[in-house]
Amino acid sequence: MIVPQHPLDTLITRLPKTELHLHIEGSLEPEMMFALAARNGVALPYADVEAVRAAYQFDRLQSFLDLYYAGASVLITEQDFYDLTWAYLLRAKADNIVHTEIFYDPQTHTARGIDFAVSFNGIRRALLDGEAQLGISFRLIMCFLRHLSEEDGFATLEQAMPYLAQIDGVGLDSSELGHPPSKFARLFARCAELGLPAVAHAGEEGPASYIWEALDLLKSRRIDHGVRCTEDAELVKRLAAERIPLTVCPLSNLKLCVVNDLAEHNLRELLAAGLCAMVNSDDPAYFGGYLNTNLLACRAALDLSQDEIVQLIRNSFEASWLTADQKAHWQDQISQALNA
Ligand code: HPA
Ligand code: ZN
């Protein structure tokens, strides 16, 4: 946790916010990992919570994913998924998040013999309770794991059929290099026919060409991460012209060595290029912090101005899948908070 120090830090914590790039399985804190392991009789390869935290030293995306999938093995019952999601929503409330669009990975669970319905129902029940009790609106995005086959993706879509009315969109995550968006063009075309809007991780570790593919072949409405877009001037022009959102995750980029130092992150450059970039926490239990911690760390490392901070937060509402009326409401709330 970063303690607010700078006058702008108070503004960061005070403003209403939305989060658009959060893997619910990545919000599994070590304490809950141990509690669920005990509840379900699952053996963990760690002595205690400190040993888990000490293991969170990553040199690239894959080294994180290996632990992330292993950690998810403690999630067995619908109540486990409910508890996981509820714990995230309490953190979100503390950060003044008023709307969240979360990812989940059904294949991580079905591959272990956990029925599609178990993860889906647990997560969604908590999201509905969060809306009713905490006032946090939500969208639920089902992600396909790109290291698995197209066939596995189609099988997952088939399992999702009874739930499609409650799934707001589809995403693409997991090991990026060697698994370009083109691998899933037919699957995403089928999702589009079914009325599911798409997003995709691209340009985190993968090259700018993966971002072009996500846009042109998957019809991705947002790009998750996308920070490598700055290697391609034509691409940056297009992203700016079409206001295609980039759901940037700064502490994730630092932990996974996408950048070596937060001070070298291109977040300000993205804003200066007129891109609809905003800050998100990705897998906060693994990367050292939730949304406010990400914003506070960027404020300090990049010396963000008030205008830049407000732009990031406004961009997040603009990029969300809230209705036009809801977006106008929250943009107005931001203006009022700034005037207060
Ligand atoms: N990248 C790709 N896949 C993921 C990530 C990420 O940052 N987090 C969880 N799955
Ligand atoms: Zn992600």
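We count ligands from 1, going down the list as the structure has it; atoms in each ligand are counted the same way. All residue numbers refer to positions in the sequence shown, counting from 1.
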Where ligand 1 meets E204 - atom numbers and elements under 4.0 angstrom, heavy-atom basis = 1 (N), 2 (C), 6 (C), 7 (O)
inquiry  = Please tell me whether Y104 and F81 form a close aromatic pair, meaning their ring centres lie under 6.0 Å apart.
reply    = no
request  = Starting from atom 5 (C) of ligand 1, find the nearest protein heavy-atom neighbour and note its residue, name and distance.
outcome  = H23 NE2, 3.6 Å
ask   = Is it the case that R222 places NZ or CZ above or below the six-membered ring of W321, under 6.0 angstrom from the centre and within 45 degrees of the axis?
value = yes
query = For atom 7 (O) of ligand 1, what's the nearest protein heavy atom and its distance?
reply = D282 OD2, 2.7 Å
query = Can you tell me if D95 uses its side chain to pair, donor with acceptor, with the backbone of N292 under 3.5 Å?
reply = yes
ask   = Are the ring centres of H147 and Y69 closer than 6.0 Å?
value = yes
message = Please say yes or no: joined through hydrophobic side-chain contacts below 4.5 Å, possibly via intermediate residues, are L164 and V199 part of one cluster?
response = no
message = At a threshold of 2.8 Å, where the distance has to be below it, does the Zn ion (ligand 2) have an N, O or S atom of D282 nearby?
response = yes
remark   = Near D283 (heavy-atom distance under 4.0 Å), the atoms of ligand 1 are 5 (C), 8 (N), 9 (C)
query = Which atoms from ligand 1 have a heavy atom of F64 less than 4.0 Å away?
reply = 8 (N), 9 (C)
query = What do we get for D224 next to ligand 1 when only non-hydrogen atoms under 4.0 Å count, side chain, backbone, both or neither?
reply = neither
task = Using a 4.5 Å cut-off on heavy atoms from C-beta on, say whether the side chain of M278 contacts that of L246.
result = no
ask   = Hey, do the aromatic rings of F144 and F184 have their centres closer than 6.0 Å?
value = no
inquiry  = So that I can check it, does any N, O or S atom in H201 come closer than 2.8 Å to the Zn ion (ligand 2)?
reply    = yes
query = Strictly under 6.0 Å, is that where the ring centroids of F103 and H201 end up?
reply = yes
request  = Give a yes/no on ligand 1: does H225 have at least one heavy atom closer than 4.0 angstrom to it?
outcome  = yes
request  = Check whether any heavy atom of D105 sits under 4.0 Å from an atom of ligand 1.
outcome  = no
query = Which atoms of ligand 1 have any heavy atom of H201 under 4.0 Å away?
reply = 1 (N), 2 (C), 6 (C)
inquiry  = Against ligand 1, does S174 come closer than 4.0 Å with any heavy atom?
reply    = yes
ask   = How about Y56 and F287: are their ring centres within less than 6.0 Å of each other?
value = no
Backbone or side-chain N/O/S of H23 under 2.8 Å of the Zn ion (ligand 2) = yes
